[in-house]
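Written below as structure tokens is the structure these notes are about.
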Amino acid sequence: MRPSCATIDLDALRANYLLAKRLAGGRTLAVVKADAYGHGAIACAKALEPIADGFAVALLEEALPLRASGISRPIVLLEGVFDPGELTAAAELDLWPVVHHEAQLRMLELASHRPRRIWIKINSGMNRAGFSPREASSVWQRLQAIPGLEAPVWMTHFACADDPRSSMTLEQIQRFHRGVATLPGETSLANSAALLAWPQARGDWARPGILLYGGNPLLPHADPDPARSLRPVMTLSSRVIATRWLSPGEALGYGATFVAERPTRVGLVAIGYADGYPRHAPTGTPVAVEGWRTRLIGRISMDMLTVDLSPLPEDVGQGAIVELWGKTVSVDEVARAAGTISYELLCHVKRVQRIHRGVMITP
Ligand SMILES: *Cc1c(COP(=O)(O)O)cnc(C)c1O
């Protein structure tokens, strides 16, 4: 079998969740949308169920398999529902939809069967989704007229929490609190970046995603504490399946973009962009072979890529284990080299076998 796999360390996932919860100092939803950022939502939710206060997904279809596999904690639908039928399904499965625009609020008012709890999204400056802080009290009035509904969770989302130098997060926190301070209900503000960089963003419910998977969302200039304690959850690995020497002047791969300047030993690795490795990762992107850090050379192909084995001992060759990202090379480093973010790399992993490791705790 092709030796390419994504190994998921569920113990690291749980450790990261507990770190998030410590930072939050309150109830903490584990965000498992997009198949738990490519880590397998059911396995991750089951591993977290005994310790997590709840979960969040983007949409109904992501919540259904979680409930079907026995997850009984609260599940928030971050994008809310798309039609009245979904509201009925949410009610039956005790899912908590976010309501972030007028049409969703109308649906809720007109529904015959509705969830007992909803989250209301307030636009505090990101200007993507949500009611304005000014509208919050009129939304509250309308919610009060709906029978059987508990007080909502008022939530907002940050545009620049990854940048500790930006003043935008504090402005958003202020605008949010000005809108909802006097209204009944609970609050939810912090994503991963806010948990790591903005203690002022604490609320009743935190919503960490990437942090659970060991990704550091903060910009490179940010203070690395407490992100230093994050443990990588996914190791994306494959093996060297062939080696060859390039003489000076010989080119490598599509576009002949890499030309050897000195005798260069090349390892051919069985993974490529069809497996989710970013095609834009340039020559020089870090990679680890048998635990030694070295670099990619040449373009990424659909099914293969090439690495520089020249700095490594001669006996590291065919069959050597290659870590594309994991404990030796962080997914953040690869993302930075490829001009993207860890989120995108993790979500895009496909075609490789996914293996979950770690002790399953039964509640
Ligand atoms: C995805 C999402 C999160 C989690 O974000 P991270 O940056 O991964 O922590 C939190 N809140 C909302 C509304 C989201 O859509």
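Fair warning: this is a prediction, and the values are worked out from it, not measured in the lab. Ligands are counted one by one from 1 in listed order, and the atoms in each one are counted from 1 as well.
Salt bridge status for Arg142 with Glu102: present, with a side-chain N to carboxylate O gap under 4.0 Å. Ionic pairing of Arg265 and Asp308 is not present here: no N-O contact between side-chain nitrogen and carboxylate oxygen is shorter than 4.0 angstrom. A salt bridge does not link Asp303 with Arg2: every distance from a Lys NZ or Arg NE/NH1/NH2 to an Asp or Glu carboxylate oxygen is 4.0 Å or more.
Other cluster members for Trp245: none, since no ILVMFWY side-chain heavy atom sits under 4.5 Å from it.
Judged purely by atom type and a 3.5 angstrom limit, Glu344 has no side-chain atom pairing as donor or acceptor with the backbone of Ile341.
Between Trp325 and Tyr277, the two ring planes are parallel [angle under 30°; tilted spans 30° to 60°].
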Check ligand 1 for close polar pairs with the protein: N or O on both sides, less than 3.5 Å.
| unit_1 | atom_1 | unit_2 | atom_2 | d |
| --- | --- | --- | --- | --- |
| ligand 1 | 7 (O) | Tyr343 | OH | 2.7 |
| ligand 1 | 8 (O) | Tyr37 | OH | 2.6 |
| ligand 1 | 8 (O) | Ile210 | N | 2.8 |
| ligand 1 | 9 (O) | Ser192 | N | 2.8 |
| ligand 1 | 9 (O) | Ser192 | OG | 2.5 |
| ligand 1 | 9 (O) | Gly209 | N | 2.8 |
| ligand 1 | 11 (N) | Arg207 | NE | 2.9 |
| ligand 1 | 11 (N) | Arg207 | NH2 | 3.4 |
| ligand 1 | 15 (O) | Lys33 | NZ | 2.7 |

